Amino acid sequence: MLSITELEKQLFEMQDLKYRDFHSRLMPGIDKETIIGIRTPILRKFTKEFARTPGAEEFLTQLPHRYYEENNMHMMIITSISDYETCLAEIQRFLPYINNWATCDFPAPKCFAKHLGELLSEIQNWIVSGETYTVRYGIGMLMRLYLDDAFQPEYLEMAANITSEEYYINMMIAWYLATALAKQWTATIPYLEERRLSEWVHRKTIQKAVESYRISPKQKIYLKSLR
């Protein structure tokens, strides 16, 4: 079984220092020394192979991890778990250890899409947890899984009613609402017309929507009038 020391040795063999310097600037507040600097396609390929080894299961229990890339490996392994209950349990165990937006924002596990009814109660718990990246993860799941066929207008309330001073929470609320404008315009636009959001989230939602290629030119003109 591969020890953490051996695993880290393999990770450092893939290190790209220029990429580390670039990527560390995208994550203020994260110690640069905890970032190895591995390009995502390379890390993803390594993780796919590592996930098939006996050491992968033990790796998921060895928290907290030392390096950013280990956190990303952890999330990559979890998102590939096909059994819903197992996947959810691993997500619940890992969420308290997430310390950056990039690890938090990985795509939803594929198995979640088949359990939207059950997952919704978990999302509700996440977004009231008060933990920055747990809240952000919950909003992210609402955005990725509940803005198309599974959409209900009350889901907008779940995100819009969150009150926080945390930048990474408010940014995700704005991202969610901007995506909702692209997919569910009629239900979402009243939140801006009636100014139901904090000033910062209101303006950031408009900014992100105006930058989106999924919003029509006519809609963008109207959104700018609501600034």
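Please read all numbers here as calculations on a predicted model, not as lab measurements. In this chain, residues are counted from 1 in sequence order.
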At what distance, to the nearest 0.5 angstrom, does [atom1] of [X] lie from [atom2] of [Y]?
X	Y	atom1	atom2	value
Thr205	Leu223	OG1	CG	9.5 Å
Asn170	Ser164	CG	OG	5.0 Å
Ile173	Ile162	CD1	CD1	4.5 Å
Arg195	Glu199	CZ	CD	5.0 Å
Asn161	Met158	CG	CE	10.0 Å
Met27	Asp31	CE	CG	10.5 Å

- Determine, stepwise, if the pair Leu11 / Phe46 fulfils side chain to side chain contact (heavy atoms under 4.5 Å, CB included). CA-CA 9 Å; Leu11 292 176; Phe46 175 82; 3.9 Å; yes
Is there a donor-acceptor pair closer than 3.5 Å between any side-chain N or O of [X] and the backbone N or O of [Y]?
X	Y	result
Thr188	Trp185	no
Gln15	Gly37	no
Tyr146	Leu116	yes
Lys48	Leu43	no
Ser24	Asp21	yes

- Message: Set out, in order, the CA-CA distance, both residues' side-chain angles and the distance that settles side chain to side chain contact (heavy atoms under 4.5 Å, CB included) for Ile189 and Leu226, then state yes or no.
- Response: CA-CA 10 Å; Ile189 194 62; Leu226 298 176; 3.9 Å; yes
- Query: Once the angle between the rings of Trp126 and Tyr137 is folded into 0 to 90°, is it parallel (under 30°), tilted (30 to 60°) or perpendicular (over 60°)?
  - Reply: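 The rings of Trp126 and Tyr137 stand perpendicular, inter-plane angle above 60°.
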- Task: Mind telling me whether Tyr155 and Phe151 have parallel, tilted or perpendicular rings, with 30° and 60° as the class edges?
- Result: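 The arrangement is perpendicular - the two ring planes meet at more than 60°.
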- Item | Carboxylate-amine/guanidinium contact Glu70 Arg66, below 4.0 Å |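 So Glu70 does not pair with Arg66 through a salt bridge.
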- Query: Is a salt bridge present between Glu69 and Arg39, judged by a nitrogen-to-oxygen distance below 4.0 Å?
  - Reply: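 Salt bridge: no.
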Heavy-atom pair of closest approach, residues [X] and [Y]:
X	Y	value
Ile77	Ala51	CG1-CB, 4.2 Å
Ala209	Ile215	O-CG1, 3.2 Å
Ile42	Ile38	CG2-CG2, 4.0 Å
Val135	Gly130	CG2-N, 3.8 Å
Ile81	Glu90	CD1-CG, 4.0 Å
Cys104	Tyr133	SG-O, 3.3 Å

Around atom [atom1] of [X], are there more than 12 heavy atoms from other residues, nucleotides or ligands closer than 6.0 Å?
X	atom1	value
Lys183	NZ	yes
Glu13	CD	yes
Lys114	NZ	no
Phe22	CZ	no

Taking the side chain as everything from C-beta on, heavy atoms only, tell me whether [X] gets closer than 4.5 Å to [Y].
X	Y	answer
Leu63	His74	yes
Glu85	Glu118	yes
Lys208	Met171	yes
Phe112	Arg144	no
Met75	Ile91	yes
Leu95	Gln92	yes
Tyr97	His65	no
Arg196	Glu157	yes

- Item | Steps toward side chain to side chain contact (heavy atoms under 4.5 Å, CB included) verdict (Ile123, Leu145) | CA-CA 11 Å; Ile123 291 173; Leu145 299 171; 5.5 Å; no
- Test ring pair (Phe, Tyr, Trp, His ring centres under 6.0 Å) on His202 and Tyr191 and set out the steps. CA-CA 8 Å; His202 177 93; Tyr191 285 84; over 10 Å; no
Return yes if a side-chain donor-acceptor contact under 3.5 Å exists between [X] and [Y], otherwise no.
X	Y	answer
Gln10	Glu6	no
Tyr222	Glu193	yes
Thr103	Asn71	no

- Message: Between Leu147 and Leu142, does the side chain to side chain contact (heavy atoms under 4.5 Å, CB included) criterion hold? Intermediate values first, please.
- Response: CA-CA 7 Å; Leu147 281 178; Leu142 273 182; over 6 Å; no
- Task: Apply side-chain hydrogen bond (donor to acceptor under 3.5 Å, both in side chains) to Ser216 and Gln219, showing your working.
- Result: CA-CA 5 Å; Ser216 73; Gln219 288 171 325; 3.3 Å; yes
- Message: Check for me whether Arg136 meets the cation-pi criterion with Tyr168, that is, NZ or CZ under 6.0 Å from the six-membered ring centre and within 45 degrees of the ring axis.
- Response: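 Verdict for Tyr168: no cation-pi partner in Arg136.
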